[in-house]
Amino acid sequence: YALGSLYEKYNYDEKAVDHLKRSVDLDPKQYQAQYLLALTYGKLSQYDKKLELLQKLTQTVPDNIDYLKSLGYSQLFFSKFSEAEQTYRRIIQIDPKDMETHYLLGRSLAEEANTPEGFAQAEKELQMVAAKVSENPGVHLALGILYFRQDKPQQAVVELEKVVKLGVSENKTYLYLGQTYMRLGKKEEGTKTLAEFQRIARINRDKGNLENRLLN
């Protein structure tokens, strides 16, 4: 476990997997080793293994917030929004004041909403977080997506432009902002923003291909 932890910390991921798996084989109750193993699978882009391991781990250890948050992120990655919603509600039951979880709950609600009541619930959750953590770009991105999905481009553009000012951490910001500009008739801004989305997506794709070539 100690070797696996060190290898994981310094990104020797294949060695980390070998030792962490060995640790779990020797002691199935070594839950932190299972958690680090799941995180390492994620770094190796083995997201299905990460999700499977986190699902089993959170069933065995149902009240560990770190484990549950990682599970929620994986569920969002696979667009399992209703499952992510349930995971985040479990965390809030444990820690009602965790603003990060309230944001992630709002985001999962925003992604899956398809009724006026669902949209209203997501907006209420996200606006509550935005009032307390106004500098979090992820909150404004979630609000922007929510308004975009409701065909409210005027409100969406305000939130998405805030994300750009605060610092874009997710490339989908440019996708939604570009499409919002188009809906508002701002063709030049829309074309430029969508081109930026495509540029970053191409860089990320090339980077991933190169990493896989090095790995293999």
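Each residue takes its place number in the sequence, starting with 1.
- Side-chain contact between Arg202 and Arg205 is present, with heavy atoms from C-beta onward closer than 4.5 Å.
- A pairwise comparison of heavy atoms in Val24 and Ala33 identifies CG2-CB, 3.9 Å as the closest pair.
- Here Thr40 contributes atom OG1 and Asn11 contributes atom CG; the two are 9.0 Å apart, rounded to the nearest 0.5 Å.
- Between Glu8 and Lys43 a salt bridge is recorded (basic side-chain N to carboxylate O distance below 4.0 Å).
- With Thr191 contributing its side chain and Glu188 its backbone, the two residues share no donor-acceptor pair below 3.5 Å.
- Judged by distance alone, the side chain of Gln34 and the main-chain N or O of Pro28 form a donor-acceptor pair under 3.5 Å.
- Every residue was checked against the side chain to side chain donor-acceptor pair (under 3.5 Å) condition with Asp25, not counting sequence neighbours, and none meets it.
- Between Phe197 and Asn171, some side-chain heavy-atom pair lies under the 4.5 Å cut-off.
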Exercise for review: List the steps and the verdict of side-chain contact (heavy atoms from CB on, under 4.5 Å) for Leu194 and Leu175.
Suggested key: CA-CA 6 Å; Leu194 290 172; Leu175 175 63; 4.1 Å; yes
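- With hydrogens and angles disregarded, no donor-acceptor distance shorter than 3.5 Å links the side chain of Arg89 to the backbone of Ala84.
- Between Tyr41 and Tyr47, the ring centre distance reaches or exceeds 6.0 Å.
- The side chain to side chain donor-acceptor pair (under 3.5 Å) check on Glu83 picks up nothing, with sequence neighbours excluded.
- With contacts defined as side-chain heavy-atom distances shorter than 4.5 Å, the pair Tyr31/Lys29 qualifies.
- Of the possible donor and acceptor atoms, one in the side chain of Arg183 sits under 3.5 Å from a partner among the backbone N and O of Phe148.
- Side-chain contact between Val158 and Gln154 is absent, with no heavy-atom pair separated by less than 4.5 Å.
- Leu36 and Leu51 end up in the same hydrophobic cluster when Ile, Leu, Val, Met, Phe, Trp and Tyr side chains are linked at under 4.5 Å.
- Taking the ring centroids of His19 and Tyr1, they lie at or beyond the 6.0 Å cut-off.
- Here side-chain hydrogen bond (donor to acceptor under 3.5 Å, both in side chains) pairs that include residues 157-168, with residues two or more places apart or in two chains, are His140-Glu159, Glu161-Tyr181.
- Leu126 and Leu141 are not part of a single hydrophobic cluster, where members link through side-chain heavy atoms under 4.5 Å apart.
- Every residue meeting the salt bridge (Lys or Arg N to Asp or Glu O under 4.0 Å) condition with Lys56, not counting sequence neighbours, appears here in chain and number order: Glu52.
- Taken to the nearest 0.5 Å, the CG atom of Leu68 stands 4.5 Å off from the CZ atom of Arg90.
- The line from CD of Gln179 to CG of Leu160 is 10.0 Å long, rounded to the nearest 0.5 Å.
- Atom OG of Ser134 and atom CG of Leu166 lie 8.0 Å apart (nearest 0.5 Å).
- Scanning all heavy atoms of the two residues, the minimum distance from Gly4 to Ala16 falls at O-CB, 3.7 Å.
- Partners of Tyr88 according to the side chain to side chain donor-acceptor pair (under 3.5 Å) rule, which considers only residues two or more places apart in sequence or in another chain, do not exist here.
- The closest donor-acceptor contact from the side chain of Arg107 to the backbone of Ala122 lies at 3.5 Å or more, if one exists at all.
- In this structure, the side chains of Thr58 and Asn64 stay at 4.5 Å or more apart for every pair of heavy atoms.
- Tyr67 is not connected to Tyr73 by any chain of hydrophobic side-chain contacts under 4.5 Å among Ile, Leu, Val, Met, Phe, Trp and Tyr, and they are in different clusters.
- Counting heavy atoms from C-beta outward, Ser108 and Leu76 have side chains that approach closer than 4.5 Å.
- Under a 4.0 Å N-O distance rule, the pair Arg149/Glu111 does not qualify as a salt bridge.
- There is no path of hydrophobic side-chain contacts, each under 4.5 Å, that joins Val61 to Ile65.
- If you take CG on Asn114 and CD on Gln150, they are separated by 11.5 Å, rounding to the nearest 0.5 Å.
- Every residue two or more places apart in sequence or in another chain that forms a side chain to side chain donor-acceptor pair (under 3.5 Å) with Ser70 is listed here: Tyr35.
- One hydrophobic cluster, built from ILVMFWY side chains closer than 4.5 Å, holds both Met128 and Val133.
- Looking at Asp98 and Ile92, their side chains never come closer than 4.5 Å, going by heavy atoms from C-beta outward.
- Rounding to the nearest 0.5 angstrom, the gap separating the OG atom in Ser23 from the CD atom in Gln30 is 4.5 Å.
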